[in-house]
Protein chains: 2
Amino acid sequence: MVMFYSRMATMPEAPQPVGRREQNKQQKLARIMAAASRLFDAHGLDDVTTHQVAAEAGIGSGTLFLYARNKGELLLLVQTARFRTAVEEGRAASEGVTGTMDGLLAIVRPVVAFNRERIDNGRSYLREMLFGDANEPHHAEALSVVAVMEDAIATVLRRSERIADPATLAENISSVMFVTLAAARNLALDPPGLVDEIRRQIAVLIPD
Amino acid sequence: MVMFYSRMATMPEAPQPVGRREQNKQQKLARIMAAASRLFDAHGLDDVTTHQVAAEAGIGSGTLFLYARNKGELLLLVQTARFRTAVEEGRAASEGVTGTMDGLLAIVRPVVAFNRERIDNGRSYLREMLFGDANEPHHAEALSVVAVMEDAIATVLRRSERIADPATLAENISSVMFVTLAAARNLALDPPGLVDEIRRQIAVLIPD
DNA sequence: TCCAATAACTGACCATGGTCAGGTTTTATT
DNA sequence: AATAAAACCTGACCATGGTCAGTTATTGGA
């Protein structure tokens, strides 16, 4: 009873055609993201079990895998929002700066900072982007942010009329960033050191 | 008994200061490599268990991990010999060819061919090189082959006096190769297609 | 309001990579 | 040859990521 009224009453809270089912799913997803974020940040991907994440999110251990097909996808789910923020921050900063290299570094800096918030999680994130399953949704979303980053880089490159193919060169610079951040040889570098290393690599690619 | 004679008798077979212990270890290593090679080639890394490899090598399952600290190291152990052969083949071919791009592609082609013998194992190999433990011996050896490859690339680049920093540009090209071979977006490309893709990327880096 | 049909959830269970306490073989010394 | 020390090997065992048959919740229709 009062079914009708209660439906009417809940409607305003959810303007879209959102039933109980959809609501529950969204809440669960939110709890999963919060739990995974907190635990990964606190202890690192490798020291957190999927069962722990499920427990902290208040769901069954199997349910977790309905929201992320595997542990790597879970990391992508959690980190891509921050990656997007970093890219957006870089893109904005690059607009307020003249000079090709300075524009590029404005983009590089926040991305490096994001990736090194926790070096282990950052490298795992790169690993999942490069080697994860491209058919999974969170992987696809991460790649779409990479595309945005490459667009921002290309936009900076287009300011110089001496660069023949900005889009391809942007892919190139993106590759250099990936490998530099992933490479074991750079494990000991701090963010400024990494930015310097990336600068050194791309200095050879752009006219001065 | 006859201990003394049997020692004398086995000495000629092993000219170096090689005791029983060292001999046993070398034989075991050889059996492990043969077993892992065969199984990985036949079924792919993911469909072969470490226990299967140990069984086929005729050793206990724990013994395997005295020769390779984990499954990734085992793959590196097995594949790096082939990688080295590919790089050497490319280096040699690049010497018999004029033109910067042609010289580079002479190196790229056998490396791509090696990496795509089995696409799953090839990508796993790249993954281990980028994200494996740099303190492990097989990982270090793989990286040393990368260094040889970059040297060969730099040697080709040095033929053109218009290239300012061949060594750095070689690192660059190496990064592009890594990412192009790893990227999910290129999964469907066959070796010639991959070489074309790499050519497209590096065309932007070298003077024509 | 009731009833299928469907979607979502659950946790016992499994396969596998990796560990380690205990056992065996080799070496060095006498 | 005997012994102790060192190196090496072994497989039972463990932790964990991931699966799936069975259960519960939601929805739409009558």
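Just so we're on the same page: letters track the sequence lines, and every chain starts at 1. In this text, all values refer to a predicted model and were calculated from it rather than measured experimentally.
Counting heavy atoms from C-beta outward, A/Lys25 and A/Tyr67 have side chains that approach closer than 4.5 Å. A/Ile107 has its side chain out of reach of A/Val87: every pair of non-hydrogen atoms, C-beta onward, lies at least 4.5 Å apart. Within the 4.5 Å cutoff, the side chain of A/Val108 has no heavy atoms near those of the A/Ile153 side chain. Looking only at side-chain heavy atoms (C-beta outward), A/Ser37 and A/Arg82 come within less than 4.5 Å of each other.
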Secondary-structure string, 5' to 3', Watson-Crick or G-U under 3.5 Å, | for another-strand partners, for DNA chain C: ||||||||||||||||||||||||||||||
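Looking at B/Ser174 and B/Glu150, their side chains do bring a donor and an acceptor atom within 3.5 Å of each other. Judged by distance alone, the side chains of B/Thr180 and B/Glu197 never bring a donor and an acceptor atom under 3.5 Å apart.
With sequence neighbours excluded, the residues forming a side chain to side chain contact (heavy atoms under 4.5 Å, CB included) with A/Asp47 are A/His43, listed by chain and number. For A/Phe114, the ring pair (Phe, Tyr, Trp, His ring centres under 6.0 Å) criterion is met by A/Phe83, A/Tyr125, not counting sequence neighbours.
What separates CG of A/Leu39 from P of D/dT16 is a distance of 13 Å, to the nearest Å. In this structure, B/Leu75 atom CG and C/dT16 atom C1' are separated by 17 Å, rounded to whole Å. The distance from atom CG of A/Leu29 to atom C1' of C/dC9 is 15 Å, rounded to the nearest whole Å. The interatomic distance linking B/Gln26 (CD) with C/dT26 (P) rounds to 15 Å, in whole Å. Straight-line distance from the NZ atom of B/Lys25 to the C1' atom of C/dT25: 14 Å, rounded to whole Å. Per the geometry, CD belonging to B/Gln23 stands 14 Å off P belonging to D/dC8, to the nearest Å.
Distances shown here put a side-chain N or O of A/Lys28 below 4.0 Å from the OP1 or OP2 atom of C/dC9. A close approach under 4.0 Å does not occur between any side-chain nitrogen or oxygen of B/Tyr67 and OP1 or OP2 of D/dC8.
In the displayed structure, B/Arg31 atom CZ is contacted under 6.0 Å by more than 12 heavy atoms of other residues, nucleotides or ligands.
In this structure, A/Leu64 reaches neither bases nor backbone, as no heavy-atom distance under 4.0 Å exists between it and the strands shown.
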Any chance you could list the contact pattern along nucleotides 21-26 of chain D? Use B for base contacts, S for sugar-phosphate-only contacts and - for none, protein heavy atoms under 4.0 Å, 5' to 3'. ----BB
So which protein nitrogen or oxygen atoms get under 3.5 Å of nucleotides 17-19 of chain D's nitrogens or oxygens?
from, atom 1, to, atom 2, distance (Å)
D/dG17, OP1, A/Lys71, NZ, 2.8
D/dG17, OP2, A/Thr50, N, 2.8
D/dG17, OP2, A/Thr50, OG1, 3.1
D/dG17, N7, A/His51, NE2, 3.4
D/dG18, OP2, A/Lys71, N, 2.6

Give the table of side-chain donor-acceptor pairs shorter than 3.5 Å for residues 52-61 of chain B, with sequence neighbours excluded, one pair per line with atom names and distance.
from, atom 1, to, atom 2, distance (Å)
B/Gln52, OE1, B/Thr49, N, 2.9
B/Gln52, OE1, B/Thr49, OG1, 3.4
B/Glu56, OE1, B/Arg38, NH2, 3.1
B/Glu56, OE2, B/Arg38, NE, 2.6
B/Glu56, OE2, B/Arg38, NH2, 3.1

Hey, mind stepping through B/Leu76 and B/Glu141 against side chain to side chain contact (heavy atoms under 4.5 Å, CB included) and telling me if it holds? CA-CA 8 Å; B/Leu76 291 169; B/Glu141 205 182 335; over 6 Å; no
